[in-house]
Amino acid sequence: MKKKKLALFLALTMVVASFAGCGGKKEKASDNGSAKQEAETETEGSEEGRYLMWRLYSEPKQWDPTNNSESVSDAICKQLFEGLTVSTSDGFKPGIAEKWDVSEDGKTYTFHLRKDAKWSDGSPVTAKDFEYSWRRICDPNFASEALQAITDYVVGGTEYFEGTGEYDDIKATAIDDYTFEVVLKNATPFFPQLVANDVYLPIKKEAVEAAGEGWEKKPESAISNGAFYLEEYQVGSHLLLKKNPYYYAADEVKLPGIKAVFITDDNTAYQAYQAGEIDVMDHLPAEQIPQIVAEDPYVIVSADTGAQFLNFNVDKAPFDNVHVRKAVAKAIDRKQITEQVLKDGSIPASNFIAPTCQKTDGTHFRELEADGYPAEEYGIDPRQAKVEDAQAELAEAGYPNGEGFPEVEITYANTEKNKRLCEAIQQMLETNLNIKVKLRAEESSVFSSTKSKGDYQMAPGGWTNNPYDASGLIKLFYSQNGNNTCQWRWREYKGAPNDTTLNPGNKAFDEAFDKAMASLGEERDAAWEEANKALMDDMPITALYYPSFVALVNEDQVENVELTLGNSFMFSHAEIVE
């Protein structure tokens, strides 16, 4: 593991924190398909050796690759499944596809699959598996949260989802068992890197349809094609992932398995790491990050690839008023959040398109100023709250000095980081706008459903972006995206049946998005800025900060853990240090 250096200045302060203990217990193994198991697996190891101990900061609601929108699920999917290409520390490399051809117009990709790839039940992985997986995402009855992964790019995907096209017209096609052809709407030079992402991973039709919803959580039906397969899932506790003996590169996989433990409290997890009970973790306790960065030789600090923001439910009063949304946005002190709450090198945001997003020529949409912060844009100062401007917006909405403003609520996933963030925003709004704000914490899987249904007023959100094209980040707010959880849509979307109130401000965004996706070069870059302006003008969300990634890999206990360019861990070459 190479220790990464943050490209942005870390202005951190140190505070001593206390934390509680963490224990473990031993579990038995489960079978997967026809793979033969010869030994029972315990928490720390088996006859084959000790499992790598990996802390996950929350329990995912699911890890079906064709329906995923959570970063913690993405991390699990990438251990279990392998796509046409594979994410690496440098970008990507061939995976199930040994090579590919591209047509002269850049719109047709022909992937040639390796013939030694197998599922964890020993059956071959074929182009038909990719055809099924990609087309399943477009099924209107499935209503995948990952829909835009196909409809943004692949010919026929949108039409099938909307009921104006046929299943066989989706141009993701198995030409034969080992040739997979994809026809794109527009030339997309980064497409081979894009398909390394989790939503493009294959799933096995027979296993999925026999088991139904939740197939990926049951060891007997969770057939996978990656370096590991699901051995056991205990709700609220852990996942056991065991080495897949049928993986084509199984000889290169040194770990007998991985135990992914769900520990929501950062302090508890860090104490377990210090005690040698956890090998790999991110989401470190904020108060201890400065000391960890200064003293731990194995800390990893890297700029992340996306943005963190506050969602406003634009269909619920009082946030159906744009002046209320702008008042809240301007009342937040982003510098205080990054320097006093997070303390992890995150950068205050004044815009949604992140500094890491690249233009067509490889330059960045946002350049940081001399102090390492972005410029003020759209009335948002990343260095301070603009209290007078915020109060003026609230008065324009009909609530001078907060008079008559109803008590409002921020809903968040129950992690320590989210709790601290929302408490800080609560205090800022009460101080700067004279309004009352209450907080509601939910388990992460419940919170995800709450946002999708629009059953909230304000809620934090975030998205990582890999590759660095702006489309991967700004797509969230397209009207036909299931992750548009601020309910900002000018037209109905079958994947969001609860969103019945339409918002005209989203139309300009959609038009600019469509223009960008159909363009190249400077025209594409300009269209992204046009979409960004539509977003900022109507403000269904307000960007809070551009996150950093801080993690620990105990190299005294494990080596060769790979961190991808998008800050995901890959364990296929990791090895326990004897």
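If you're wondering where the values come from, they're calculated on a predicted model, not measured in any experiment.
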TODO: Decide, yes or no, whether a salt bridge links Arg136 with Asp64 under the criterion of side-chain N to carboxylate O below 4.0 Å.
DONE: yes
Open item on the list: One pair to check against ring pair (Phe, Tyr, Trp, His ring centres under 6.0 Å): Tyr229 and Trp119. What are the steps and the verdict?
Closed with: CA-CA 9 Å; Tyr229 67 84; Trp119 293 101; over 10 Å; no
Open item on the list: Show me the pairs that pass salt bridge (charged side-chain N to carboxylate O under 4.0 Å, His left out) and involve residues 565-578, at least two apart or across chains.
Closed with: none
Task: Short side-chain donor-acceptor distance under 3.5 Å, Tyr468 and Gln193 - done: no
- [ ] Looking only at non-hydrogen atoms, find the nearest pair between Ile96 and Tyr248 and report the distance.
- [x] CD1-CE2, 4.0 Å
Open item on the list: Assess, by modelled atom type and distance only, whether the side chains of Asp304 and Ser548 contain a donor and an acceptor separated by less than 3.5 Å.
Closed with: no
- [ ] Only pairs at least two apart or in different chains count here, so list each ring pair (Phe, Tyr, Trp, His ring centres under 6.0 Å) that has a residue in residues 56-75.
- [x] Tyr57-His283, Trp63-Tyr233
Task: Phe509/Tyr478 under ring pair (Phe, Tyr, Trp, His ring centres under 6.0 Å): CA gap, chis, key distance, verdict - done: CA-CA 7 Å; Phe509 177 92; Tyr478 194 68; 7.1 Å; no
Task: Under 3.5 Å side-chain donor-acceptor pair for Tyr493 and Asn484 - done: no
Task: Nearest atoms (heavy-atom pairs only) where Ser444 meets Ser58 - done: OG-CB, 3.6 Å
- [ ] Verify whether one side chain among Glu252 and Tyr247 offers a donor that lies under 3.5 Å from an acceptor in the other.
- [x] no
Open item on the list: Does either side chain, that of Asn481 or that of Gln148, offer a donor lying less than 3.5 Å from an acceptor on the other one?
Closed with: yes
- [ ] Would you kindly say whether Trp490 and Asp510 are connected by a side-chain donor-acceptor distance under 3.5 Å?
- [x] yes
TODO: Return yes if a side-chain donor-acceptor contact under 3.5 Å exists between Asp90 and Thr88, otherwise no.
DONE: no
Open item on the list: For Gln480, is there any backbone N or O sitting under 3.5 Å from a side-chain donor or acceptor partner on Arg489?
Closed with: no
Open item on the list: Below 30° counts as parallel, above 60° as perpendicular, anything between as tilted: where do the rings of Trp134 and Phe191 land?
Closed with: perpendicular
Open item on the list: Pairing donors with acceptors under 3.5 angstrom, does anything connect the side chains of Asp176 and Thr179?
Closed with: yes
- [ ] For Arg135 and Ala172, indicate whether the former's side chain and the latter's backbone hold a donor-acceptor pair under 3.5 Å.
- [x] yes
Task: Donor on one side chain, acceptor on other, Thr485 and Lys453, under 3.5 Å - done: no
Open item on the list: Tell me whether Tyr160 contacts the main-chain N or O of Asp168 through its side chain, where contact means a donor paired with an acceptor under 3.5 Å.
Closed with: no
Open item on the list: For Phe569 and Phe571, take the angle between the two ring planes, folded into 0 to 90°, and tell me which bin it lands in: parallel under 30, tilted 30 to 60, perpendicular over 60.
Closed with: parallel
Task: Modelled atom types, side-chain donor and acceptor of Thr158 and Lys185, under 3.5 Å - done: yes
Open item on the list: Testing the 3.5 Å rule here: is there a donor-acceptor pair between the side chains of Asp198 and Asn68?
Closed with: yes
Open item on the list: Salt bridge or not between Lys507 and Glu511? Use side-chain N to carboxylate O under 4.0 Å.
Closed with: yes
- [ ] Sort and list the pairs that fulfil ring pair (Phe, Tyr, Trp, His ring centres under 6.0 Å) and have at least one residue in residues 68-105, not counting sequence neighbours.
- [x] Trp100-Phe111
TODO: Dump the intermediate steps for side chain to side chain donor-acceptor pair (under 3.5 Å) on Glu145 and Asn67, then the final yes or no.
DONE: CA-CA 5 Å; Glu145 294 180 10; Asn67 191 32; 5.2 Å; no
